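Notes follow the structure.
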Protein chains: 2
Amino acid sequence: MQQQLSVITLGIADLPRSHRFYCEGFCWAPVFQNDEIVFYQMNGFVLGTWLTTALETDMQKQGLARPGAFALAHNVARAEDVQPIMDRLVQFGGRVLRPGDAPPHGGFRGYIADPDDHAWEIAWNPRGRSARKAT
Amino acid sequence: MQQQLSVITLGIADLPRSHRFYCEGFCWAPVFQNDEIVFYQMNGFVLGTWLTTALETDMQKQGLARPGAFALAHNVARAEDVQPIMDRLVQFGGRVLRPGDAPPHGGFRGYIADPDDHAWEIAWNPRGRSARKAT
């Protein structure tokens, strides 16, 4: 099977609040939006932010929990880019989970929760993506 | 800021169990693995499956919950490809959340939970990715 993923859909409670975080915090532009979902065209796939009630109905699975056991990572080009992005995301509804610091495996990263408690790692990784946790 | 995501990390409880689902169910090949994490090179980013305890330590956020309020989608080329993939994933530790059927917005899809209760939508979408929920 093709080793690909087409869409990541995050459940949200309040569309304008989430929209502010992604559009004004990350400065990302939606590719589509209506009153229950916003899509962002990412690098080869789509990020969707959809009202959790609608996602639950579509999935036929009630009681989706937060914070979910996952993290999304946004990599940046330089170590010194991490903190300003984290600071900006906090201005637009994000919450610091872990301030920026250097992990044992190298690089520099911090974690921010979006307004719906979904975790984003903001990371500079000098060793490339796939070896991030390699020891 | 670049509209990109570098890594999706899913928290897992049992590495061999998760490995079986992704490597034998989806037939994906790891690009790196050790005794606590497996990375899969996807379309322009990396999917990581990492022991939840380690993810929680890295994130400095305890008590990550399942099922999280999100879904990942794997799109397929034809409607008739959805059910065989779902059946195969069930053979390797997946659990059907919603059997394959046609949503109101067109196409054909079902939902499968991986062994750690992370939701995967297996979808055929004739209208393209970004218009998936468009009305």
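Note that the structure is a prediction, hence the values are computed from the model and not measured. Side chains included, hydrogens not; waters and symmetry mates left out as well; all remaining heavy atoms used. A, B, ... follow the sequence lines: proteins, then strands. Residue 1 opens every chain.
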Worksheet item: When only pairs under 4.5 Å are counted, which of B:D116, B:L97, B:T52 shares the most heavy-atom pairs with chain A?
Response: B:L97
Discussion item. I'd like to know if A:F92 and A:L10 are part of one continuous hydrophobic network [Ile/Leu/Val/Met/Phe/Trp/Tyr, side-chain heavy atoms within less than 4.5 Å].
Written reply: no
Practice prompt. Look at atom CD of A:Q2 and say whether more than 12 heavy atoms of other residues, nucleotides or ligands are closer to it than 6.0 Å.
Written response: no
Worksheet entry | chain A contact via B:D81 - side chain, backbone, both or neither, heavy atoms under 4.5 Å | neither
Discussion item. Rounded at 0.5 Å granularity, tell me how far CH2 in B:W120 sits from CG in A:L5.
Written reply: 4.5 Å
Practice prompt. Return the minimal non-hydrogen interatomic distance between A:N75 and B:Q4, and the atom names on each side.
Written response: O-NE2, 2.5 Å
Worksheet item: Taking the side chain as C-beta and beyond, is there a heavy-atom pair between B:Y111 and A:Q60 under 4.5 Å?
Response: no
Item to complete: Output the distance between atom CZ (A:R66) and atom CG (B:L64), rounded to the nearest 0.5 Å.
Response: 13.5 Å
Item to complete: Would you check if the side chain of B:Q3 reaches a backbone N or O of A:A29 as a donor-acceptor pair within less than 3.5 Å?
Response: yes
Discussion item. Quick check for you: among B:G11, B:G68, B:A69, which has the greatest number of heavy-atom pairs under 4.5 Å with chain A?
Written reply: B:A69
Fill in: Minimum heavy-atom distance between A:R98 and B:D58, given as atom pair plus value
NH1-O, 2.9 Å
Discussion item. Side chains of B:F45 and A:N43, heavy atoms from C-beta outward: is any pair under 4.5 Å?
Written reply: yes
Item to complete: Output, in order, the C-alpha distance, side-chain angles, deciding distance and verdict of side-chain contact (heavy atoms from CB on, under 4.5 Å) for A:E121 and B:L55.
Response: CA-CA 11 Å; A:E121 183 186 21; B:L55 176 60; over 6 Å; no
Fill in: OG-CG distance between A:S6 and B:L72, expressed to the nearest 0.5 angstrom
10.5 Å
Worksheet item: chain A heavy atoms under 4.5 Å from B:A119: which part of the residue, side chain, backbone, both or neither?
Response: side chain
Practice prompt. Heavy-atom pairs under 4.5 Å with chain A are the metric here; pick the option from B:H118, B:H74, B:M59 that has the most.
Written response: B:M59
